[in-house]
Structure formats: structure tokens, C-alpha cells
Amino acid sequence: MKITKSLNITILTLLGLTLPLSVHADEAGSVGTSIPPNSGVGGAVSTLGDPASPSDAITFESYDLLGSYYANGLYNMNGLGTWNGQPVSPNNMPNDYELQLACTFNFYALAAQPNVLFVQVTGVVASNFGYASGSAFNNITLTGIQFTLPSQGSGILETPSLSLNYANPGETLAYAPPDDSSEPLTTTPGFGLTALGPNQFLIQTLNGADYGFINSGWVVYGGTVNRIEGGGVFQLIFPDDVNLLNQVDFTQANVESQWGAGNQYITATPVPEPASLSLLAFGMFGITLLRRHQR
């Protein structure tokens with residue numbers, strides 16, 4: 001027999017949309033449908049507001065972008081007990097858009113400090129649900145990045161020290177209690193670093209999905225929970241004799257996003273540089289013109 005109860009648990013709601021103050025969910029977790037785009041309702045206001053960017057949040061205009069990786073996959077529905085209040089079944093389940101999990105990881109450094117690496121997390125999509133609770137809520141949370149840095153030549157990188165003293169502009173902590181609370185961040189708290197093998201590192205949350213990343217515009221209420229909106233920034237400090245710009249080929253790194261405190265890993269693939277995209281577009285345009293002339 002399926003047992004349901006009214007849970008005093010975390011609920012997420014999309015930007016500017018109204019949801020009930022409580023839901024009924026089984027203990028495995030519940031999610032609701034994504035809500036369609038605003039259909040002519042004027043004056044919608046975010047329930048979180050638009051917190052100002054912290055004055056000391058880091059930007060990377062003067063940094064070298066060493067590599068950029070994009071992860072895009074589907075939530076595997078582990079821990080999902082109900083969908084729209086009914087048991088999950090082949091005829092009652094989220095579609096691919098609703099199940100989307102995505103994010104971008106950028107690696108930055110300065111030529112003047114070649115032993116210091118910044119890992120930026122941005123563009124987080126923690127599903128396109130209208131709400132989530134219980135295990136489903138935890139498992140759609142981005143909880144870490146696992147990556148292997150290939151050395152150019154020989155040599156193994158020592159384990160760096162991790163600093164959490166940086167944040168993205170607009171990075172925000174959403175937390176409860178009190179319900180619907182949020183505040184701007186100037187750090188990215190709640191994470192630790194583990195060396196898994198030669199040049200292989202894992203940055204992940206220290207306490208389950210607590211302080212993991214969700215996309216901007218959601219509010220949190222019920223229970224005790226912390227989530228970070230707007231991505232985050234990690235600083236890795238290698239020994240002084242390390243020159244990351246010369247020793248590591250960041251375009252060939254193996255990068256994975258971690259969701260739900262190890263529930264699921266989604267591979268991230270390299271994002272072409274703008275110059276490469278321009279060359280590709282120019283080449284395709286040339287091929288199109290050639291085909292037209294051949295007809």
C-alpha cells in the first residue's frame with residue numbers, strides 16, 4: 001500500500017509564479033509539471049526579487065579562458081515517487097524538457113599567476129519543473145564537478161588547496177528557515193576538494209545536496225535547507241612551481257557534472273571558442289555557395 005503524507009519539506013517554485021504552500025508527496029519525492037510561459041499576464045514579479053551583485057564578486061574579463069565545458073542531460077528520476085500527485089508510470093512521467101539538467105564549467109587563469117586555477121560554474125538548469133520535493137529535490141541539485149587534467153608531457157599535479165572565497169556576480173543563497181529567504185553571496189560555501197587519482201579531482205558538497213546549485217529564480221521553503229543560485233566559483237592553488245598554462249591541455253580535459261550528491265554524473269563536452277564557431281559558420285556558408293553554383 002502506498003503511504004502518502006503531508007511533508008514539511010523543501011519546495012521550489014519558478015520565477016514569478018504562484019504555487020500552493022504545501023504539497024502531498026510520498027517519501028520518495030514528488031515533482032510537478034513545468035508551468036507554461038506567461039500568457040499575457042502583466043506585471044509578474046519575482047518572489048525572490050533581483051538581489052544586487054556583490055561588489056567583490058569576481059569577473060574574468062582580464063583572465064585567460066583555458067577551457068569551457070557544457071553538460072546537458074536528463075534527470076534519471078531516481079527517488080521520484082510521484083508526478084503531478086500520481087505514481088510515476090509510462091503514461092505519467094516528465095518529458096525530456098522537464099527532466100533537463102545542464103550547466104557550464106569554465107577554467108580560468110592569469111599569466112601572472114600560472115599556478116592558480118579558477119573553476120566557474122554557470123548556466124545551471126536544475127530541471128524545468130514547477131516544483132520539487134524530497135529525494136527528487138536533492139537529485140536535481142548540481143552538487144559537484146569531477147575532472148581530469150591531462151598533462152602536456154609528463155608529470156603529476158599535486159593536490160591543490162581549495163578556496164571558496166569567490167562568487168559569481170548575482171550569486172545568491174536561497175535558504176529556509178525562514179521560508180523564502182535569500183541573500184547575496186560573496187563566497188561559494190559548502191564544498192570540499194578530493195584527489196581521486198593522478199590529476200583527477202572532485203569538488204563536491206560536503207553535506208549531501210546542501211549548498212548545491214539550482215537555477216536562478218526559485219524560492220525555497222519548508223524544512224532546513226540551503227541552495228545556491230547563480231552558479232559559483234572555486235579557486236585551486238597549486239604549488240608555486242606549477243605552470244598550468246604550459247603543463248595542462250584544458251581543451252582535452254575529462255569533465256563530469258555531479259547531481260544529487262553522487263546520484264548521477266553527466267559528461268560535459270568542450271565548448272568551441274567563438275573564433276572556431278566563426279570559422280565553422282564561414283565554412284558552412286562557403287559550402288552552401290559552392291553547391292548553389294554547381295546546380
Side-chain angles (χ1 to χ4, degrees), residues 12 14 31 34 60 65-80 94-109 117-129 132 135-150 162 164 166-168 170-171 188 190-194 196-197 199-206 208-218 227-236 248-274 276-277:
L12 303 180
L14 289 176
V31 297
S34 59
F60 293 99
L65 177 61
L66 306 179
S68 183
Y69 286 79
Y70 177 62
N72 186 25
L74 301 178
Y75 166 38
N76 60 16
M77 297 195 295
N78 283 348
L80 179 58
N95 60 34
D96 286 358
Y97 170 74
E98 291 158 336
L99 292 170
Q100 183 186 22
L101 301 177
C103 62
T104 297
F105 301 119
N106 296 317
F107 296 92
Y108 289 99
L117 176 67
F118 284 91
V119 182
Q120 180 193 40
V121 182
T122 187
V124 177
V125 178
S127 85
N128 292 296
F129 296 150
S135 298
F137 168 72
N138 289 331
N139 288 339
I140 63 170
T141 301
L142 176 63
T143 56
I145 170 177
Q146 181 173 301
F147 56 99
T148 302
L149 301 177
L162 172 67
L164 306 176
Y166 297 88
N168 280 324
E171 188 173 330
T188 303
F191 286 79
L193 173 70
T194 303
L196 302 176
N199 295 11
Q200 185 179 19
F201 307 104
L202 172 64
I203 303 172
Q204 68 176 347
T205 50
L206 295 173
D210 208 31
Y211 289 100
F213 300 112
I214 55 177
N215 42 297
S216 297
W218 298 64
R227 291 294 187 272
I228 296 176
E229 301 181 346
V233 178
F234 307 112
Q235 183 192 47
L236 302 180
V248 177
D249 183 0
F250 283 89
T251 64
Q252 300 298 317
N254 294 316
V255 182
E256 290 183 303
S257 57
Q258 177 185 266
W259 302 84
N263 169 69
Q264 183 176 0
Y265 289 85
I266 297 175
T267 300
T269 57
V271 177
E273 296 181 5
S276 300
L277 290 175

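Keep in mind that what you see is a predicted model, and the values were worked out from it rather than measured.
The closest side-chain heavy-atom distance from I214 to E229 is below 4.5 Å. Contact annotation: the side chain of L236 approaches that of L162 to within less than 4.5 Å [non-hydrogen atoms, C-beta and beyond]. W259 is not listed as a side-chain neighbour of S127, based on a closest heavy-atom distance of 4.5 Å or more. P94 places a side-chain heavy atom less than 4.5 Å from the side chain of L99. Annotation: side chain of L164 is in contact with side chain of F234 (closest heavy-atom distance under 4.5 Å). Side-chain atoms of L117 and F250, non-hydrogen and from C-beta on, do get closer than 4.5 Å to each other. Side chains of F105 and V121 form a contact here, defined as non-hydrogen atoms less than 4.5 Å apart. Between R227 and D210 there is a side-chain heavy-atom pair separated by less than 4.5 Å.
Atom OG1 of T141 and atom CG of N215 lie 10.0 Å apart (nearest 0.5 Å). L202 CG to F191 CZ: the interatomic distance, rounded to the nearest 0.5 Å, is 10.0 Å. Of the inter-residue distances, the one linking Y211 atom OH with I228 atom CD1 reads 8.0 Å to the nearest 0.5 angstrom. Put simply, CG on L66 and CG on D249 are 10.0 Å apart, with the number rounded to the nearest 0.5 Å.
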Kindly determine whether N78 and S135 satisfy side chain to side chain contact (heavy atoms under 4.5 Å, CB included), including the steps that lead there.
CA-CA 8 Å; N78 283 348; S135 298; over 6 Å; no
Side chain to side chain contact (heavy atoms under 4.5 Å, CB included) evaluation trace for Q146 with Q204:
CA-CA 8 Å; Q146 181 173 301; Q204 68 176 347; over 6 Å; no
Verdict with supporting geometry, L101 and L142, side chain to side chain contact (heavy atoms under 4.5 Å, CB included):
CA-CA 8 Å; L101 301 177; L142 176 63; over 6 Å; no
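For the residue pair N168 / Q120, a side-chain donor-acceptor distance below 3.5 Å is found, with atom types taken as modelled. Side-chain atoms of T148 and N199 include no donor-acceptor pair closer than 3.5 Å.
With T143 contributing its side chain and Q258 its backbone, the two residues share a donor-acceptor pair below 3.5 Å. Between the side chain of Y69 and the backbone N or O of A253 there is at least one donor-acceptor pair closer than 3.5 Å. The backbone N or O of I266 lies less than 3.5 Å from a partner atom in the side chain of S257, making a donor-acceptor pair. Looking at T188, its side chain does come within 3.5 Å of a backbone N or O of V233 through a donor-acceptor pair. In this structure, N138 contributes its side chain and G260 its backbone to no donor-acceptor pair below 3.5 Å. Within the 3.5 Å criterion, the main-chain N or O of A71 finds no donor-acceptor partner in the side chain of E256. Put simply, the side chain of E98 gets close to the backbone of N95: a donor and an acceptor are under 3.5 Å apart.
In terms of heavy-atom proximity, Q100 sits nearest to N128 at OE1-ND2, 3.3 Å. Considering every non-hydrogen atom in both A209 and T205, the closest pair reads CA-OG1, 4.3 Å.
The aromatic ring centres of F147 and F107 sit less than 6.0 Å apart.
Ring pair Y108/F60 is parallel by interplanar angle, where below 30° counts as parallel and above 60° as perpendicular.
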